[in-house]
Amino acid sequence: MVLEKIEEPNDIKKLEESELPVLAEEIRDFLIQRISEHGGHLASNLGVVELTMALHLCFQLPEDKIIWDVGHQSYTHKLLTGRREGFETLRKFGGMSGFPKRKESDCDCFDTGHSSTSVSAGLGYAEAREITGESYRVVSVIGDGALTGGMAYEALNNASRLETNFIIVLNDNKMSISENVGGLSSHLGNLRTADAYQGLKTGVTNSLNRIPVYGERMVEKIRRTKSGIKQLLIPGMLFENMGITYLGPVDGHDIGAMIRVLKEASKVNGAVVVHVLTQKGRGYPPAERYPARFHGAEPFKIETGLPLVRRTTANYTDIFSTVMRKLGERNEKVVAITAAMKDGTGLKRFRNMFPERFFDVGIAEGHAVTFAAGMAAAGLRPIVAVYSSFLQRAYDQILHDVCIQDLPVVFAIDRAGLVGSDGETHQGIFDLSYLSSIPNMNIMAPKNKWELSDMVKFAIDFEHPIAIRYPRGEAYAGLKEYRAEIVYGKSEVIYQEEQIALLAVGSMVKTGEEVRCQLKEKGYRCTLVNVRFVRPFDRELFAGLIRNHSLIVTMEENVLSGGFGEHVVQYRNEMGQKEADSDLQILNVAVPDVYVEHGNVEILQKEQEIDSDSIVKRIVEAMENR
């Protein structure tokens, strides 16, 4: 196998040219096999095999820097830097990450996971290179989807002023290849980057600028005329008009063509965009036909592409999808907004039934929130469906555009809490903290699938900003008999006893049930409360609980800092000694203030000591030490 010859960075350069197509095929076979066994990002990685090979052939790692936007397409990069054995533990606890990690390899120069960041990071490297007097190359790879993020344009705007080489590879996997356009563009691109052309352009510009009064005007007139001609002939004028050289489009599956254009790009004294056309899922027919399905794939049968384990129960996203469809039928003012995640957030059915009321804004969470604020101000009922870790990117818009104006925007926050294999950048363990810090924001969390449905219906009729956060995975079907009407700001007491009170938020209610059963076996008496509203906090209930409980236990799948538990402690302190029993003890169960790595959710819960066994142990110790 040719792939076995790749044991460390830059080994690809030792191969014969005839071996490169074989290596590409072997890489695809390897990725399909491994991901079919362990799961992972497949379609995006199959699409960049030749592109990654060309980058590794043209540049010297780890001296040169390759920055992958998002980073879920870096599997070939990991293979070419000698990490083949690591794929046995891909995305497993303690194993190799599915994203670039600096601590994993010197060839991963920047940690990524969220979108639209690579140009900013690459520009930072390029400027640092000039300050430190080094000579390495910097390449940022960004997809056409990631380019919809506003941060990418902010970075391009700054990159246009750069006077040293910085290569931006635009990986476009949505356009087909046009030989006519590609051939003409390649010819003109080579001409514009040729040493003679660049020298002539610089010389003419400098000479004209020396002419008093009229020189600058002449340069500007020539520039405008030249741009007008280019506009007719060359794609990518958006970049050219910003002052960034554009090369392409080039076939991203033609290694030779990629090498030639990357060498040309390396001659540019400034920022240069190399537009590469690739096919998502290339080489595996099921992924070619259904690239969205194979974006983040669970283990599957290679022959058919079907999952090894068929899901038989609804998850929380399914429940949200169903209730959104029903609300769309009942209320014509309901509109749905998402940031390039219609499938992941469960809005596909809503889009199919009410296309005029569905809006996918691309990877632009900040815009999505302010867009929703405008709709709410105009009398509509917008629901912004987004993953917890991605909503972080819109904190200012939530505060400034929604909550200051107290607008009725609903935030449906999927993947809240520990999400597992994607690791630090995707764990949804900060939303309670950052949302709780914003005045006028209201926060709910459902204990089971029926309560999620009830909460979405409640939120649609609510006249203020409100967020509903729910976890990834199977929707809990227990406690069906407990379905009291949702009353604003009020918790739900599921079991009323004394001694120990468990105040559980959302997904932790199920864990609370398990904890209560174990404590009952040990002879303790336990109250179990479904918090429902993290904000506003049910102060009246808490005031009642402290009268006949010696230990209050708060339980949340959120970091401790700024979370629900801290708010309970703060309120208890505000009550003072007169109202609160000085002997009352509060135990906060939460994710420690750390970045949680990738791994199975159950393993992560045990590691962070928020599983039922760990919680029981802490409670028993607290009671015995009283």
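Quick caveat: nothing in here was measured; it's all calculated off a predicted structure. We count residues from 1, following the sequence as given.
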Just wondering, are more than 12 heavy atoms of other shown residues or ligands nearer than 6.0 Å to [atom1] in [X]?
{"X": "Glu25", "atom1": "CD", "result": "no"}
{"X": "Glu298", "atom1": "CD", "result": "no"}
{"X": "Arg102", "atom1": "CZ", "result": "no"}

Could you check whether any side-chain N or O of [X] sits under 3.5 Å from a backbone N or O of [Y], counting only pairs where one atom can act as donor and the other as acceptor?
{"X": "Glu26", "Y": "Leu3", "result": "yes"}
{"X": "Gln392", "Y": "Ser389", "result": "yes"}
{"X": "Asp108", "Y": "Glu104", "result": "no"}
{"X": "Gln73", "Y": "Gly71", "result": "yes"}
{"X": "Asp318", "Y": "Asn315", "result": "yes"}
{"X": "Asn173", "Y": "Gln279", "result": "no"}
{"X": "Ser120", "Y": "Ala155", "result": "no"}
{"X": "Arg472", "Y": "Gly420", "result": "no"}
{"X": "Glu365", "Y": "Ala339", "result": "no"}
{"X": "Thr245", "Y": "Val272", "result": "no"}

Looking at side-chain heavy atoms only, is the closest gap between [X] and [Y] below 4.5 Å?
{"X": "Ile27", "Y": "Leu80", "answer": "yes"}
{"X": "Phe166", "Y": "Val273", "answer": "no"}
{"X": "Ile610", "Y": "Leu418", "answer": "yes"}
{"X": "Lys5", "Y": "Ile12", "answer": "no"}
{"X": "Thr117", "Y": "Thr112", "answer": "yes"}
{"X": "Phe93", "Y": "Asn600", "answer": "no"}
{"X": "Pro592", "Y": "Gln608", "answer": "yes"}
{"X": "Asp254", "Y": "Met258", "answer": "no"}

Can you name the nearest heavy-atom pair linking [X] to [Y], along with the distance?
{"X": "Glu8", "Y": "Asp11", "value": "N-OD2, 3.0 Å"}
{"X": "Ser388", "Y": "Ala416", "value": "CB-CA, 3.9 Å"}
{"X": "Phe239", "Y": "Leu147", "value": "CZ-CD2, 4.0 Å"}
{"X": "Trp68", "Y": "Ser118", "value": "C-CB, 4.2 Å"}
{"X": "Ser266", "Y": "Ile167", "value": "OG-CD1, 3.7 Å"}
{"X": "Val419", "Y": "Gly428", "value": "CG1-N, 4.3 Å"}

Ignoring hydrogens and angles, state whether a donor on the side chain of [X] or [Y] is under 3.5 Å from an acceptor on the partner side chain.
{"X": "Arg137", "Y": "Asn165", "answer": "yes"}
{"X": "Asn171", "Y": "Thr278", "answer": "yes"}
{"X": "Asp414", "Y": "Thr317", "answer": "yes"}
{"X": "His275", "Y": "Tyr246", "answer": "yes"}
{"X": "Arg349", "Y": "Ser321", "answer": "yes"}
{"X": "Glu16", "Y": "Ser18", "answer": "no"}
{"X": "Arg91", "Y": "Ser97", "answer": "no"}

**Request:** Tell me, with the steps shown, if Lys280 and Glu288 meet salt bridge (charged side-chain N to carboxylate O under 4.0 Å, His left out).
**Result:** CA-CA 6 Å; Lys280 206 167 186 179; Glu288 291 178 356; over 6 Å; no
**Message:** Please evaluate residues Val274 and Leu170 with respect to the criterion side-chain contact (heavy atoms from CB on, under 4.5 Å), reporting the C-alpha separation (whole Å), side-chain torsions for both, the decisive distance (0.1 Å), and the verdict.
**Reply:** CA-CA 6 Å; Val274 177; Leu170 171 56; over 6 Å; no
**Request:** For the residue pair Phe294 and Phe300, categorise the inter-ring angle as parallel (less than 30°), tilted (30 to 60°) or perpendicular (more than 60°).
**Result:** perpendicular
**Message:** Nearest 0.5 Å, please: how far is OG in Ser115 from CE in Met151?
**Reply:** 10.0 Å
**Prompt:** Does NZ or CZ of Lys65 fall inside the cone over Phe110's six-membered ring, less than 6.0 Å from its centre and within 45° of the axis?
**Reply:** no
**Message:** Please identify which of these residues, His114, His598, His426, meets the ring-ring contact (aromatic ring centres under 6.0 Å, His included) condition with Phe99.
**Reply:** His426
Would you mind checking if [Y] and [X] are paired as a salt bridge, meaning a charged N to carboxylate O distance below 4.0 Å?
{"X": "Glu474", "Y": "Arg311", "result": "no"}
{"X": "Arg351", "Y": "Asp343", "result": "no"}
{"X": "Arg84", "Y": "Glu4", "result": "no"}
{"X": "Lys14", "Y": "Glu19", "result": "no"}

**Message:** If you apply the rule side chain to side chain donor-acceptor pair (under 3.5 Å), what do you find for Arg129 with Thr164, and how did you get there?
**Reply:** CA-CA 10 Å; Arg129 175 188 62 197; Thr164 184; 3.2 Å; yes
Please output the side-chain donor-acceptor pairs of residues 45-61 that fall under 3.5 Å, not counting sequence neighbours, one pair per line with the distance.
unit_1, atom_1, unit_2, atom_2, d
Asn45, OD1, Ser74, N, 3.3
Asn45, OD1, Tyr75, N, 2.8
Asn45, ND2, His41, O, 2.6
Asn45, ND2, His72, O, 2.7
Glu50, OE1, Arg28, NH2, 2.8
Glu50, OE1, His253, ND1, 2.9
Glu50, OE2, Arg28, NH1, 2.8
Glu50, OE2, Arg28, NH2, 3.4
Thr52, OG1, Val48, O, 2.6
His56, NE2, His77, ND1, 3.0
Gln60, OE1, Lys13, NZ, 2.7

**Request:** Report yes if the distance between the aromatic ring centroids of Phe87 and Phe30 is under 6.0 Å, otherwise no.
**Result:** yes
**Item:** Derivation and outcome, salt bridge (charged side-chain N to carboxylate O under 4.0 Å, His left out), residues Lys101 and Glu424
**Value:** CA-CA 11 Å; Lys101 296 292 175 186; Glu424 302 105 316; 3.0 Å; yes
**Prompt:** So Thr338 and Asp360, side chain to side chain donor-acceptor pair (under 3.5 Å) or not? Walk me through it.
**Reply:** CA-CA 5 Å; Thr338 190; Asp360 185 344; 5.7 Å; no
